[in-house]
Amino acid sequence: MFITFEGIDGSGKTTQGQLLKEKLESLGYQVLLTREPGGTKVAEAIRGILLHLDEKIEAMTEVFLYCGARNEHLEKIILPALKKGYIVISDRYYHSTLAYQGFGRELGLAEMKAINSHFINTCPPDLTFFLDIGLEIFEKRLEGQELDRMEKEGLEFMTKVRHGYLEMAAEEKTRIQVIEGSAKIEDIAEKIYLKVKEVLDARS
Ligand code: ADP
Ligand code: TYD
């Protein structure tokens, strides 16, 4: 089973991914928790370029770099773990490109889907949790932190990204579960676990 977490920066993906992993492991499942961009040496190096290099990057270059890191991650981490029977949880996957580059950078959803068709066709997530927070919470949660290149894009950019996620959630109702990310951490975790359990039960 392949589960992804999506949402704007600071929406709680890392927190909830970790809690879901712990819960599933306590029930005896083998779980791999991973993140994009990253997971392999090459993908981590690409992450460094994308988030920490101090030079303007062309929007389409950005797309191909995220997709390059994604392919390394898919082939070397995600697919081998799924083959071994692990539940794989990824903090971001192709919906991030659809939202950030398709909507945030305004490159278009259809164009970004076309560029991501390899991932969409070969390994779509079984379940995607979109943790939705308002921009005032985004600001609050990132306050005082050193911002990376994407986080520095600011409120207008993140608003477009958020609307992109909401639009995709309306389009992919079965796969994408919209979760109110401003609720209490434990309540969100319980909601997420119950949905995962429902899908696992339906499969057994
Ligand atoms: P992301 O991985 O989406 O960037 P994180 O899980 O790192 O988000 O959370 C960002 C910050 O917000 C962290 O300091 C985390 O402890 C806090 N946080 C996460 N979820 C909640 C929540 N539901 N309520 C309050 N604070 C939260
Ligand atoms: P990360 O620190 O992993 O995000 P977060 O703080 O939300 O946990 O940083 C990844 C950044 O890259 C984040 O701002 C989202 C962005 N991103 C894209 O723009 N496109 C993509 O395809 C991916 C995977 C991430």
Side-chain angles (χ1 to χ4, degrees), residues 4-22 33-40 43-53 57-74 77-78 89-109 111-113 115-116 118-120 125 128-155 157-162 164-165 168 178-192:
T4 60
F5 280 89
E6 294 285 352
I8 64 172
D9 300 62
S11 55
K13 300 180 301 302
T14 310
T15 306
Q16 293 301 329
Q18 187 59 40
L19 289 173
L20 180 61
K21 175 184 156 80
E22 285 165 17
L33 176 61
T34 181
R35 69 161 182 187
E36 280 201 9
T40 73
E44 290 291 339
I46 296 175
R47 178 184 178 89
I49 296 173
L50 281 162
L51 300 185
H52 306 300
L53 256 199
I57 300 178
E58 290 298 324
M60 283 303 278
T61 309
E62 189 176 274
V63 171
F64 291 121
L65 285 172
Y66 277 116
C67 289
R70 178 160 306 130
N71 199 53
E72 288 297 301
H73 188 225
L74 178 66
I77 308 281
I78 297 173
I89 303 171
S90 184
D91 186 339
R92 300 193 180 282
Y93 189 47
Y94 66 74
H95 286 97
S96 284
T97 308
L98 307 187
Y100 279 74
Q101 281 66 48
F103 291 86
R105 297 268 185 244
E106 300 186 358
L107 294 174
L109 178 60
E111 172 108 15
M112 292 305 103
K113 274 188 180 168
I115 289 172
N116 277 276
H118 174 67
F119 309 112
I120 294 171
T128 296
F129 292 102
F130 164 46
L131 298 175
D132 186 32
I133 55 167
L135 274 294
E136 63 299 336
I137 295 181
F138 162 77
E139 274 190 298
K140 219 156 102 199
R141 290 198 187 159
L142 264 65
E143 215 170 51
Q145 289 193 26
E146 207 184 309
L147 301 184
D148 63 39
R149 197 180 60 85
M150 298 302 290
E151 287 161 348
K152 282 182 193 153
E153 289 293 335
L155 290 186
F157 179 83
M158 285 301 166
T159 303
K160 287 189 265 181
V161 174
R162 183 190 180 200
Y165 276 126
M168 292 191 286
V178 183
I179 306 280
E180 178 50 71
S182 61
K184 273 208 209 135
I185 289 177
E186 316 79 65
D187 294 348
I188 297 173
E190 177 70 6
K191 219 180 214 174
I192 289 171

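These values consider heavy atoms only, across backbone and side chains, with no hydrogens, waters or symmetry-generated copies. Just so it is clear, the structure is predicted and the values come from calculations on it, not from any experiment. Atoms within a ligand are numbered from 1 in the order they appear, just like the ligands themselves.
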For [X], the ligand 2 atoms whose distance to one of its heavy atoms is below 4.0 Å:
X      : answer
Gln101 : 18 (C), 19 (O), 20 (N), 21 (C), 22 (O)
Glu151 : 6 (O)
Met150 : 12 (O), 14 (O), 16 (C), 19 (O)
Lys13  : 5 (P), 7 (O), 8 (O)

> Distance from Met150 atom CE to Phe157 atom CZ, nearest 0.5 Å?
Replying inline: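 Reported value, rounded in 0.5 Å steps: 4.0 Å.
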
>> Can you tell me how far apart CG (Leu98) and CG (Leu107) are? Round to the nearest 0.5 Å.
In response: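 Output value for this atom pair is 11.0 Å.
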
Closest non-hydrogen protein atom to [atom], residue and atom name please, with distance?
atom                    : answer
atom 14 (O) of ligand 2 : Asp9 OD2, 2.7 Å
atom 4 (O) of ligand 2  : Arg92 NE, 3.5 Å
atom 11 (C) of ligand 2 : Leu51 CD2, 3.7 Å
atom 1 (P) of ligand 2  : Arg47 NH2, 3.5 Å

Side chain or backbone, does [X] bring an N or O within less than 3.5 Å of an N or O on ligand 2?
X     : answer
Thr97 : yes
Arg35 : no
Arg70 : yes
Tyr93 : no

> Which heavy atom in Cys67 sits nearest to a heavy atom in Asn116, and how many Å separate them?
Replying inline: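 Here Cys67 and Asn116 meet closest at SG-OD1, 3.6 Å.
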
> Between Tyr100 and Arg105, is there a cation-pi geometry (under 6.0 Å to ring centre, at most 45° from the normal)?
Replying inline: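 Judged by the rule, Arg105 and Tyr100 form no cation-pi pair.
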
> Does a side-chain N-to-carboxylate-O contact under 4.0 Å join Arg35 and Glu44?
Replying inline: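 Yes, charged N to carboxylate O under 4.0 Å.
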
>> Heavy atoms only: which of Phe5, Tyr66, Phe157 lies closest to atom 25 (C) of ligand 2?
In response: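 Residue with the shortest heavy-atom distance to the ligand atom: Tyr66.
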
>> Between Arg92 and Thr4, is there a side-chain heavy-atom distance shorter than 4.5 Å?
In response: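 Heavy-atom side-chain distance check fails, nothing below 4.5 Å.
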
> Side chains of Pro37 and Arg70: closer than 4.5 Å at any heavy-atom pair?
Replying inline: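 Pro37 vs Arg70: side chains apart.
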
> Can Glu62 be said to touch ligand 2, with heavy atoms closer than 4.0 Å?
Replying inline: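 Judged by the 4.0 Å heavy-atom criterion, Glu62 does not count as contacting ligand 2.
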
> Taking only residues at least two apart or on different chains, which pairs with a member in residues 130-148 satisfy salt bridge (charged side-chain N to carboxylate O under 4.0 Å, His left out)?
Replying inline: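 Qualifying pairs, neighbours excluded: Asp132-Arg162.
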
>> If you apply the rule salt bridge (charged side-chain N to carboxylate O under 4.0 Å, His left out), what do you find for Glu153 with Lys160, and how did you get there?
In response: CA-CA 11 Å; Glu153 289 293 335; Lys160 287 189 265 181; over 6 Å; no

>> For a side chain to side chain contact (heavy atoms under 4.5 Å, CB included) check, start with the C-alpha distance between Thr34 and Ile89, then their side-chain angles and the critical distance, and finish with the verdict.
In response: CA-CA 6 Å; Thr34 181; Ile89 303 171; over 6 Å; no

Quick check on ligand 1: any N or O pairs to the protein under 3.5 Å? One line per pair.
| unit_1 | atom_1 | unit_2 | atom_2 | d |
| --- | --- | --- | --- | --- |
| ligand 1 | 2 (O) | Thr14 | N | 2.9 |
| ligand 1 | 2 (O) | Thr14 | OG1 | 2.4 |
| ligand 1 | 3 (O) | Ser11 | N | 3.2 |
| ligand 1 | 3 (O) | Gly12 | N | 3.0 |
| ligand 1 | 3 (O) | Lys13 | N | 2.9 |
| ligand 1 | 3 (O) | Lys13 | NZ | 2.6 |
| ligand 1 | 4 (O) | Gly10 | N | 2.9 |
| ligand 1 | 6 (O) | Thr14 | N | 3.4 |
| ligand 1 | 6 (O) | Thr15 | N | 2.9 |
| ligand 1 | 6 (O) | Thr15 | OG1 | 2.5 |
| ligand 1 | 8 (O) | Gly12 | N | 3.0 |
| ligand 1 | 23 (N) | Ala183 | O | 2.9 |
| ligand 1 | 24 (N) | Arg141 | NH2 | 3.3 |

> Among Val178, Ile192, Ile8, which one satisfies side chain to side chain contact (heavy atoms under 4.5 Å, CB included) with Leu131?
Replying inline: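 That would be Ile192.
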
> Is atom CD of Gln145 surrounded by more than 12 heavy atoms (other residues, nucleotides or ligands) closer than 6.0 Å?
Replying inline: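 Correct, the count exceeds 12.
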
> Is it the side chain (CB and beyond), the backbone, both or neither of Leu50 that lies under 4.0 Å from ligand 2, heavy atoms counted?
Replying inline: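 Neither; nothing of Leu50 gets under 4.0 Å from ligand 2.
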
> Under 30°, 30 to 60°, or over 60°: which ring-plane class applies to Phe119 and Tyr93, parallel, tilted or perpendicular?
Replying inline: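 Judged by the thresholds at 30° and 60°, the geometry between Phe119 and Tyr93 is perpendicular.
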
